[in-house]
Amino acid sequence: ILFSLDAKAEGLIDDMDIDASISSLAGSMDAEVKVANVINEVNPIAISGGLKTDDLNIGRIIGSDMVGELTMETNLEAILSDKPSLNLSGMEVNRLHINGYDYEGIMATGKLNNNLFNGWITCHDPNLNFMLSGTVSLAPKGKDAPYGFQMTIGDADLNALNIDKRGKSKVNLFADVNFLKKADGTLSGKIDIEDVMLENRLGKHIIGDIGLDFLNKEDSHEISFDSEFAEGKFKGSSTIQQFVKDLMSVSFKKEIPAMFRNPESTWNGNTYDLRFNMKDASDLMNFVMPGMYIDENTSLQANIDADGKLDASLNSQRIALKGQFVKNLKLSLDNSDNRLDGEATCDSLKVSTVNLINDRLELLAHDNHIGARFVYDNESDILNKGEIVVTGNVERDDEGLGMRLDISPSALYVNSREWNILESSLMFKGKDIHVDGFEMTSGDQRLLLSGGTSAEHADTLSLDLERFDISLVNALLGDDFGIR
């Protein structure tokens, strides 16, 4: 971007008035500034004046599509010394383009004095009433530094602001945030979010209050979360962000390193303990994901000890999404016995109109080898049971990630009819898929899938059916589409 500068200066070096105008294809900026005491050995440099922009495209200047034009004006006074001071007054923003929306009615003031900045911002936009006030410490290293903010959001229309594209979506809340960074590096804080109310096409949802407390030291990090819909605790010798990385390192990166472009482990002896429990989350789910239900006794826990041993589990009486559900789910994951083992069991799993009873899924991974076994048994007079076993290998080379899955011979009973799955294999390489004769038979019925697909070259994936009762599709899709 080319900028054109038109500037004029009048007065002495120690007392100068500067008028400057900068213009470009990205908009314009004008400044009227008075600079004093530049060469004065007694008094510090003082700057005062006004700044104005007219449709200045910030996003074009910094290379971001998220931010656009800014039209604003403000006055400022600054003293440049060992203890600098700054006073911003009368800032008015008539246009600020963010994420496809033009915000208006923004006003702000701020003052920096004795290493403490106090300020406030208000927004009276047709789709957002917002107020933020706070204190930020700029204390030098070795001094305690407090931070405090209070924020009110009223009738924020997230759909109109292009934040939530699903339709009607509004939020109201009040937040009180306080941090303290001590001279020894310890960071403690408390975040209280009160009177949270969300609204969508289903109506208003009272979420209530949310509290978050944290204490971060050099080798100890604690977080406590509480609300009307969930509660949780985290304790670790490193941050929760590092916990996520280390969790991958002691599990999938350790046993299936080929999955990752950078398989190097980040875990270096850190220990962690995470516990999370759901309460009544119906109001939150009705806003975030209508039709979703998570039982209020659902619990999640994950632990990594000093030896790198992982122990994780998820337990829930019921998780449902519209007509699909799983009952009495118990999921576990651990890396003992020098491999990664996982198991998921449930009393009932319903997908579309298919309801599987007494389900068990077993998973294992070691040295880029993977395996899975799925078993179900409805224990009814009409047989609905089966077992599927899949093993495989994962690899990575200059052409990318590759995987081979081998399907072992197995049998499924659907409404007392036996279906035999013959031995076959599937290969995945980048965007290429190859099926080496996946075949299912039941009496004189036969389904055969073979061939492949590729984004790089011509290929053919063939499906052969012999006397296949295609009306089974009606049951699987949940509606009778008249397929016979």
Please name the pair of heavy atoms, one in Met259 and one in Leu401, separated by the smallest distance, quoted to 0.1 Å.
CA-CD1, 4.0 Å
Going by the side chain to side chain contact (heavy atoms under 4.5 Å, CB included) test, name the single residue among Leu314, Asn315, Leu331 that passes it with Leu300.
Leu314
Check for a donor-acceptor pair, side chain of Arg373 on one end and backbone N or O of Arg360 on the other, with a separation under 3.5 Å.
no
Do the side chain of Asn159 and the main chain of Gly167 share a donor and acceptor less than 3.5 angstrom apart?
yes
Is the backbone N or O of Asp55 less than 3.5 Å from a side-chain atom of Thr71, with the two atoms forming a donor-acceptor pair by type?
yes
If only side-chain N and O atoms count, and only distance matters, is there a donor-acceptor pair under 3.5 Å linking Asp305 with Thr271?
no
Are Lys253 and Pro263 close enough that some pair of their side-chain heavy atoms sits under 4.5 Å apart?
no
Min side-chain heavy-atom separation Leu56-Ile61 under 4.5 Å:
yes
Rounding to 0.5 Å, atoms CD (Glu439) and CG (Leu422) come to a distance of 5.0 Å
Supply the atom-to-atom distance Lys217 NZ to Ser188 OG, rounded to the nearest 0.5 angstrom.
9.5 Å
Are any non-hydrogen side-chain atoms of Trp419 and Ile421 less than 4.5 angstrom apart?
no
Option from Thr239, Asn216, Asn270 for which side-chain hydrogen bond (donor to acceptor under 3.5 Å, both in side chains) with His221 holds
Asn216
Whether the side chain of Ser410 engages the backbone of Glu387 through a donor-acceptor N/O pair (distance < 3.5 Å, no angle test) should be reported.
yes
Rounded to the nearest 0.5 Å, how far apart are CG of Asp54 and CZ of Arg95?
9.5 Å
Does Lys190, at its NZ atom, have more than 12 non-hydrogen atoms belonging to other residues, nucleotides or ligands within less than 6.0 Å?
yes
So which heavy atom on Ser336 is nearest to which on Asp334, and how close?
OG-OD1, 2.6 Å
Can you confirm whether Lys279 is buried at NZ, in the sense that more than 12 heavy atoms of other residues, nucleotides or ligands lie under 6.0 Å from that atom?
yes
Phe276 and Phe225 aromatic ring geometry - parallel, tilted or perpendicular at 30°/60° bounds:
parallel
Under 3.5 Å, is there a donor-acceptor pair between the Asp459 and His434 side chains?
no
Could you check whether any side-chain heavy atom of Asn378 comes within less than 4.5 Å of a side-chain heavy atom of Tyr413, counting everything from C-beta outward?
no
Can you tell me how far apart CZ (Phe374) and CG (Asp359) are? Round to the nearest 0.5 Å.
4.5 Å
What do the steps show when you test Val250 against Lys309 for side chain to side chain contact (heavy atoms under 4.5 Å, CB included), and what is the final call?
CA-CA 8 Å; Val250 301; Lys309 181 181 178 182; over 6 Å; no
Between atom CG of Asn420 and atom OG of Ser442, what is the distance when rounded to the nearest 0.5 Å?
7.5 Å
Could you walk me through whether Tyr103 and Ile98 satisfy the side chain to side chain contact (heavy atoms under 4.5 Å, CB included) test, starting with their C-alpha distance in whole Å, then the side-chain angles of each, then the deciding distance to 0.1 Å, before giving a yes or no?
CA-CA 7 Å; Tyr103 291 83; Ile98 299 178; 3.9 Å; yes
What's the separation between atom CE in Met151 and atom CG in Asp176, rounded to the nearest 0.5 Å?
10.5 Å
Keeping the roles fixed (side chain from Asp436, backbone from Ser424), state whether a donor-acceptor pair exists under 3.5 Å.
no
I'd like to know if the side chain of Asn127 reaches the main chain of Asp157, judged simply by a donor and an acceptor atom lying under 3.5 Å from each other, with no hydrogens or angles considered.
no
Side chains of Asn368 and Asn393 in contact at under 4.5 Å (non-hydrogen atoms):
no
Side chain to side chain contact (heavy atoms under 4.5 Å, CB included) assessment of Arg60 paired with Leu25:
CA-CA 9 Å; Arg60 189 169 182 180; Leu25 294 177; 3.8 Å; yes
If you measure only the distance, is there a donor-acceptor pair under 3.5 Å linking the side chains of Ser169 and Asp164?
yes
Looking at Asp444, I'd like to know if its CG atom is crowded, meaning that more than 12 non-hydrogen atoms belonging to other residues, nucleotides or ligands lie closer than 6.0 Å.
yes
Does a side chain donor of either Asn303 or Asp273 reach within less than 3.5 Å of an acceptor in the other side chain?
yes
Which heavy atom of Arg166 sits nearest a heavy atom of Val288, and at what distance?
NH1-O, 2.6 Å
Sub-3.5 Å donor-acceptor pair from the side chain of Thr152 to the main-chain atoms of Phe174, do we have one?
no
Minimal non-hydrogen separation, Val326 against Cys346, with atom names
CG2-CB, 3.5 Å
Assess whether atom CE of Met440 is packed by more than 12 heavy atoms of other residues, nucleotides or ligands within 6.0 Å.
yes
In sequence, state the C-alpha distance, the side-chain angles, and the governing distance for Asp295 and Ile319, and then conclude on side chain to side chain contact (heavy atoms under 4.5 Å, CB included).
CA-CA 6 Å; Asp295 185 80; Ile319 298 176; over 6 Å; no
Those residues that, when tested against Glu104, pass side-chain hydrogen bond (donor to acceptor under 3.5 Å, both in side chains) (two or more places apart)
none
Test log, rule salt bridge (Lys or Arg N to Asp or Glu O under 4.0 Å), inputs Asp397 and Lys429:
CA-CA 10 Å; Asp397 56 24; Lys429 187 69 173 182; 2.9 Å; yes
Using side-chain heavy atoms (C-beta onward) and a distance below 4.5 Å, is Asn200 in contact with His205?
yes
Give the C-alpha distance, both sets of side-chain angles, the deciding distance and a yes or no for side chain to side chain donor-acceptor pair (under 3.5 Å) between Ser316 and Thr298.
CA-CA 4 Å; Ser316 179; Thr298 298; 2.6 Å; yes
Short question: side chain of Asn328, backbone of Asp347 - any donor-acceptor pair under 3.5 Å?
no
Contact between Tyr293 and Phe325 at the side-chain level, heavy atoms closer than 4.5 Å - yes or no?
no
Would you say NZ of Lys233 has more than 12 non-hydrogen atoms from neighbouring residues, nucleotides or ligands within 6.0 angstrom?
no
Min side-chain heavy-atom separation Asn338-His366 under 4.5 Å:
yes
Go through the steps to decide whether Thr266 and Asp246 satisfy the test side chain to side chain donor-acceptor pair (under 3.5 Å), and finish with yes or no.
CA-CA 6 Å; Thr266 63; Asp246 288 347; 2.7 Å; yes
Do you know which two heavy atoms are closest between Glu199 and Phe287, and how far apart they sit?
O-CE1, 3.4 Å
Please report the closest heavy-atom contact between Leu405 and Ile370, naming both atoms and the distance.
CD2-CD1, 3.9 Å
